[in-house]
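Lettering of chains follows the sequences in order, A, B, ..., and the numbering in each one begins at 1.
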Amino acid sequence: MPPKPNTKETKILMSELMLLCEWGECSHQFNNMEEFLSHMSQHLIGHHYEVGRDDPNTDGEFPCEWRECNTMVQGRRTDFLRHAYFHCFHVKIKNIGEQMIRKMGLRGCLLENQSRNLIPELPERLQCGWNMCETIIDNPEIFYRHVDNHSETFPEGNNLEHGARCEWEGCETVAKNKYKLREHLRSHTQEKVIACPTCGGLFSSRTKFVDHVKRQAGVECKCMCI
DNA sequence: GACTCTGTTGGT
DNA sequence: ACCAACAGAGT
């Protein structure tokens, strides 16, 4: 059935992603994450890495060459990779934010955009806490997909008789169904779903992001400020 | 059936 | 004021 004529076309389409690489002088564009990530891996091969000197298990300093990042990653090479690949994930969710602004006819946020490519503090490592899993993946996009996949162990449908029990270490949550579990799992991974293309801020839901944009654009402030 | 949005709550 | 988490409703 075709979409209803009067519904707002605010659906975010992954097929409309425009992913721009901002590594060093690079400005390649991609429309899917697979190609973008594999492109990024080419930038990272051998980047400040010498066998025998920069041992993967010893600490070092890794300057990130992503434009307007200017971060010196202190730690192991694996910490640097996690940082570098987070830029790719950040590009993706910022692009989702851009689509959102466009499709809802909003004005962008008015904060300074010097922070647009700054990435937040990440966990020391991205390790899956699902029972008996313990998988560690240094690429946030791939890590989040991995965790998400654990929800596939539950049957389809919205009304499961026994629900979908989270098996994350120490978690007792029983979600209503596997879709709720997917949502819940993001609270364990701190995965964000959307980011502001202007200031770079990350948000856990689309409504939070829309609130942010409206607030920053000064549109109809609902609070008692002044 | 597979998401997606919205309102409430509770913590900082 | 801000935000994460959740339940339940809506598409």
(message) Looking at A:Asp79 and A:Arg82, is any side-chain nitrogen of the basic one under 4.0 Å from a carboxylate oxygen of the acidic one?
(response) yes
(request) Let me know the distance between NE2 of A:His188 and C1' of C:dC6, rounded to the nearest Å. (result) 13 Å
(request) Could you pull out the closest heavy-atom pair between A:Leu44 and A:Tyr85, with the gap in Å? (result) CD1-CZ, 3.7 Å
(request) Return yes if the base of C:dA7 and the side-chain atoms of A:Lys176 contain a donor-acceptor N/O pair under 3.5 Å, otherwise no. (result) no
(message) The criterion is salt bridge (charged side-chain N to carboxylate O under 4.0 Å, His left out); which residues satisfy it with A:Glu152, sequence neighbours excluded?
(response) A:Lys178
(request) Return the minimal non-hydrogen interatomic distance between A:Met33 and A:Cys88, and the atom names on each side. (result) CE-O, 3.7 Å
(request) Quick one: label A:Thr207 by what it contacts on the DNA or RNA (base, sugar-phosphate, nothing), any heavy atom closer than 4.0 Å. (result) base
(message) I want to check something: taking the side chain as every heavy atom from C-beta on, are A:Pro120 and A:Lys192 in contact at a cut-off of under 4.5 Å?
(response) no
(message) Output the rounded distance in Å from CG (A:Leu202) to P (C:dC3).
(response) 12 Å
(request) Return the value, rounded to whole Å, for the distance between atom CG of A:Asp211 and atom P of B:dC5. (result) 13 Å
(request) Please state how far atom CD in A:Glu172 lies from atom C1' in C:dC6, giving the value in whole angstrom units. (result) 17 Å
Under 3.5 Å, which protein N or O atoms sit close to an N or O of nucleotides 2-4 of chain B? Give each pair with its distance.
unit_1	atom_1	unit_2	atom_2	d
B:dA2	OP1	A:Glu156	OE1	3.2
B:dA2	OP1	A:Glu156	OE2	3.4
B:dA2	OP2	A:Gly157	N	3.1
B:dA2	OP2	A:Tyr179	OH	2.3
B:dA2	O5'	A:Tyr179	OH	2.6
B:dA2	N7	A:Asn158	OD1	3.4
B:dA2	N7	A:Asn158	ND2	2.9
B:dT4	OP1	A:Lys11	NZ	3.2

(message) How many whole angstroms separate atom CZ of A:Phe209 from atom P of C:dA4?
(response) 14 Å
(message) OP1 or OP2 of C:dC6 versus the side-chain N and O atoms of A:His184: is any pair under 4.0 Å?
(response) yes
(message) With side chain to side chain donor-acceptor pair (under 3.5 Å) as the rule and sequence neighbours excluded, what pairs involving residues 27-38 of chain A come up?
(response) A:Asn32-A:Glu35, A:Glu34-A:Arg145
